[in-house]
2 protein chains.
Amino acid sequence: MDGSTSVSRSTVIEASCELFADLGYRSTSMRDIAQAVGVRAPSLYNHVSSKQEVLFAIMDKAMDRALSALDDALEGVDDVTEALRLATQSLVLDFLRYPAEVTVCNTEVRSLDAANRRAIVAKRDAYAARMREIIERGCSIGAFSTRSPQLAAFAVLELGNGAKSWFRAGGRYSDVEVAREYGEFALRVVGAVRAEQPLSAQPT
Amino acid sequence: MDGSTSVSRSTVIEASCELFADLGYRSTSMRDIAQAVGVRAPSLYNHVSSKQEVLFAIMDKAMDRALSALDDALEGVDDVTEALRLATQSLVLDFLRYPAEVTVCNTEVRSLDAANRRAIVAKRDAYAARMREIIERGCSIGAFSTRSPQLAAFAVLELGNGAKSWFRAGGRYSDVEVAREYGEFALRVVGAVRAEQPLSAQPT
DNA sequence: CCTACCGATCGGTAGG
DNA sequence: CCTACCGATCGGTAGG
């Protein structure tokens, strides 16, 4: 970003997010961020109060967005199989559409101050709990068949990571197609779907 | 580690690995490492030549160990379903047994110098390629049924991460039990196993 | 928005 | 193995 674009709190935060994702929080200096938005480092403090505050703002916004997306995806959905499919699609789509934000969330929890870390970990745990509850419900009513719902929940939550690093490199599938495929993977992991039922049976 | 234990290259590298995993490479100072092994920072240079060299040594050794474990797991195995199961178990067991090394491998590639990064990425790609080849072979002979072997390979490779963060917290299952469960997840992801076939059908 | 500058900390070296 | 110290860089402030 050069000097021709006006600088604001959101441009500072967006530039910081890309740099934190690429270099890491600790390896990104306020001077790096300033250069990215086209000012000198002290001017950043007109928009943000500290480097730590920027990191927290990035992660808090990303967690809220992911939780809202999950809410929207599950609204009015009763069938537990469909709920797991849609929740996984929501998770993977979020990964694919906001790779920098998600990378920061996945790698910089340790860079948060104690109080900020507690707040972010609470939201992360809430997200994981909702995914786990879906899988536990599916197991209890016999829709899913897996030995450890907890292990399966962790496996499903982690699935999107592979898609994220891969998706950035190539362009063979759209983000929606990748998300749909991972939705199918999740159903297979919990034992909800026959292997012979191909994804192509689904409508577009 | 206190002064009563003798300091060597390997004790420096082991202490560095734990610190890099917990704090990150950039946030760990040579003084932190020195304190962990009970000397002053300049004395570390009697054992290692630079901080960067320590990072590379940790990652290179970890990659070689993972590749060797994969070799051992697959030796003499012809059946492609069994190969995927054993490869996944090998991967997950490595994650569970060497969490600090694996965390460093997963988070500090960006902290490597260009030449070191090329060497590590080549080994990581070789590992991923072997997993992908198993899945492609299974698909081509009809043992597996998945729309995108490449996507499935990434999903399987990523599976262990969830197990790693979870396993460190609790003690409900042994590492071997967790690895076996993930072996089953991998077969489900590629469509190799009926959902009705529970893991408990396997011998101990 | 800037220049000038602060105290702290960094990886690494000199010299013994 | 140590003390003493180097130039560089850090997040952030003073003052305008």
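A quick note: this is a predicted structure, and the numbers were derived from the prediction, not measured. Numbered from 1 within each chain, the chains take letters A, B, ... in sequence-line order. Side chains included, hydrogens not; waters and symmetry mates left out as well; all remaining heavy atoms used.
Side chain of A:Glu101 to backbone of A:Glu18: no donor-acceptor contact under 3.5 angstrom is found.
You'll find that the side chain of A:Pro42 is closest to C:dT3, out of D:dC1, C:dC1, C:dT3. In this structure, of D:dG11, C:dC1, C:dT3, it is C:dC1 that holds the atom nearest to the side chain of A:Asn46. Each of C:dG11, D:dT3, D:dG11 was ranked by its minimum atom distance to the side chain of A:Tyr45; first place goes to D:dG11. Residue B:Met30 has its side chain nearest to C:dG11 when only D:dG12, C:dG11, C:dC2 are considered.
When the C1' atom of C:dT9 is taken as reference, atom CD of B:Gln35 falls 15 Å away, rounded to whole Å. Across the protein-nucleic acid pair, A:Arg31 atom CZ and C:dC6 atom P stand 14 Å apart, rounded to whole Å. Distance CZ (A:Arg40) to C1' (C:dA4): 12 Å, rounded to an integer number of Å. Distance B:Asp32 CG to C:dG12 P: 14 Å, rounded to the nearest Å. In this structure, the CG atom of B:Leu55 is 13 Å from the P atom of C:dG11, given to the nearest Å. The separation between A:Leu44 atom CG and D:dG12 atom C1' is 11 Å, rounded to whole Å. Distance A:His47 NE2 to D:dG11 C1': 17 Å, rounded to the nearest Å. One atom, CZ of B:Arg26, and another, P of D:dC10, lie 7 Å apart when rounded to the nearest Å.
With the nearest nucleotide of DNA chain C identified for both B:Ser50 and A:Ala41, A:Ala41 has the one nearer the 5' end.
Salt bridge absent: A:Asp22 and B:Arg110 never bring a charged side-chain N and a carboxylate O closer than 4.0 Å. Contact check on B:Asp175 versus B:Arg180 returns no salt bridge, with no Lys/Arg side-chain nitrogen under 4.0 Å from an Asp/Glu carboxylate oxygen.
Both distances falling under 3.5 Å, in either a Watson-Crick or a G-U wobble arrangement, place D:dC6 opposite C:dG11.
When only modelled atom types and interatomic distance are considered, A:Ser16 and A:Lys51 share no side-chain donor-acceptor pair under 3.5 Å. Between B:Ser29 and B:Asp32, the side chains place a donor N or O and an acceptor N or O closer than 3.5 Å (distance only, hydrogens not considered).
Looking at heavy-atom distances under 4.0 Å, A:Thr28 makes contact with sugar-phosphate atoms alone, never a base. Among the atoms of the strands shown, only primed sugar atoms or phosphate atoms (P, OP1, OP2) are found under 4.0 Å from some heavy atom of A:Ser29.
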